[in-house]
Every structure is written in C-alpha cells, then in structure tokens.
Amino acid sequence: MFAIISFLLLAAAWVKGLFFVGADTDQGDVFRLLFVHVPVAWCAFYWVIAGGIFGLLGLVQKEKRTRFDRSSHASIELGTVYAALALLTGMIWGRPTWGVWWDWDPRLTSTLVMFLVCCGYLLIRSFTVDTKQRQTMAAIVSILCSINVPLVYFSVNLWRSLHQPQSITPKGNTMSGDISTTLWLNVAAALLLSTALYFTRRKSIAAQETLDLARGSQQ
Amino acid sequence: MNGANEFGNTPWYVFVTAGYAVVGVCLLTYAIFSALSLKKTLKSLKDEGFVNDEGKKL
C-alpha cells in the first residue's frame, strides 16, 4: 500500500515537472530531465550512505550483525539500482546538452566508480559462502561504497568539471521558485518510493536468509 | 519555445521521454520482482513447514 501511494505521488510529481513548469531559458524543455535525474542521484547517495552506516553498525555491534547485514544488503542493492539510473539519465541528458553521451569528467567518473564498487559489494555477497565471513567482508565493502558518496557529491567543486556546479548550496539555490518547488516535490516522492522499496526488499532478504537457514539446519 | 528545443534532428521530447521511461520501467520492475520474491519465499517457508499461517516460526 505504501509503495502504491509512493508510486502515485511520484507520478503526480512527474506530471507537474513535465507539464506545469515553464521551459528553461538556456536548455529549453530538455531541462525537465532534472526532475528525474537529480532525485535518483540523491536516492543513490542516500541509500549507499545508509548501507555504509548499517555495515559499520554491524561491525561494531556483533550481536546484531545479522540484522544490520540484511539492512546494509537491501540499502546497497537499492543504491546500486539508483546509481545505474542516475548514470543512464545523466547520459540521456548529456547528449543534447554537451553533445556526447559520456565524458570522463570527475562527476561522471566518480559516479561510475561508486556504482562499480556497489556491484563489487553484491558480487562479494554472492561469492562468499561462509555467513560470518560474508557479513564481515560485506560490511567493509559497504563502508568503502559510502566513502565514495562525498567524493561524488563534491567532485564538481574539487575538480574542473563539464558537469554543472551544485545548484543547491548552504547559501541558497540558483533555480527559480517553481523549478525549485517541483524539484523538492520530486525528491520527496522519490525518497518515499525508495523507502517503500527498501522495506519490501529488506523483508524479502530476511525471509530468504531464514529459509536458507531453516533448510540448512534440516540437512 | 526557444531555439534550444531541437538537438540535431532529435526533438527535446525524445530525450525527456526516454529518461522518464527508463526510470519508471526500472523502478516498477524492481518493485514487482521484490514483491514477488518476498511472496515466493514466504510461501516456501509455509509450504516446507518452517512457519505457521500467522508467520510464526514452528
């Protein structure tokens, strides 16, 4: 139910972004990709950081390691999906605005690195059979994944980049009022939907591990 | 409409529609597969006698 409401809210936010906001003076209507690209990128950052925090908590609190490991697994998996979507929508936006699908620019490259580290996390999980070893290794890699996030976020300030600089800073934002409001609405809807997806996936992972454990203890 | 609405021979809405479609389809697929995976696992747990109808461990 939560997921359905979040999907509907996201659909409403998309309609607002597509049809009820005026075109940008520089980019024209193609700027409407902002309302989908920025929320998925922020969801990627959010879930990858959450995965790292769960991983760290799992390493510190050994008695709750299994619970934190499942949370970390669901978070990083979601972060990987959102990072892939951020890269894809960025490429689609890059073609009309920069004239290229891809450029080895600091923001794009660091996002790709974050995505690949997240893929590595998922590979390590599937290749490591021993539960304790898997949980420890996964927790360490999840922390490595989350270390990438500030690097990706500040890459446009740290290096010369083709990507536009941050529009939203502590001093304010460079967007007009209606664009800003619609963007926040889309970010809120995307975060809500990603939370619904997280809870479904977290339950699914817990149920699968319980089933594997139960089957193993019977043999 | 201003001059920035066509990119080569490709109109703006091709890029915008593609961007929204990619995100919509991927998230919907992910949500459906997550829900189906959960349903299948819970069914297996019940069928194999590891939990009862209320979902409590036996």
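Protein chains get the first letters and strands the later ones, always in sequence-line order, with residue 1 at the start of each.
The pair A:Arg70-A:Glu77 fails the salt-bridge criterion, with no side-chain N (NZ, NE, NH1 or NH2) lying under 4.0 Å from an Asp/Glu carboxylate O. Salt bridge annotation for A:Lys132-A:Asp69: absent, with no cationic side-chain nitrogen under 4.0 angstrom from a carboxylate oxygen.
Both the backbone and the side chain of A:Phe35 come within less than 4.5 Å of a heavy atom of chain B. Within the 4.5 angstrom heavy-atom criterion, no atom of A:Ala3 approaches chain B. For A:Leu88, the part lying under 4.5 angstrom from a heavy atom of chain B is the side chain only.
Side-chain contact, B:Thr41 with A:Gln208: a donor N or O sits under 3.5 Å from an acceptor N or O.
Looking only at heavy-atom pairs under 4.5 Å with chain B, the residue among A:Val81, A:Leu193, A:Thr200 that has the most is A:Thr200.
Ring geometry for A:Trp14 versus B:Tyr20: interplanar angle over 60°, hence perpendicular rather than tilted (30 to 60°).
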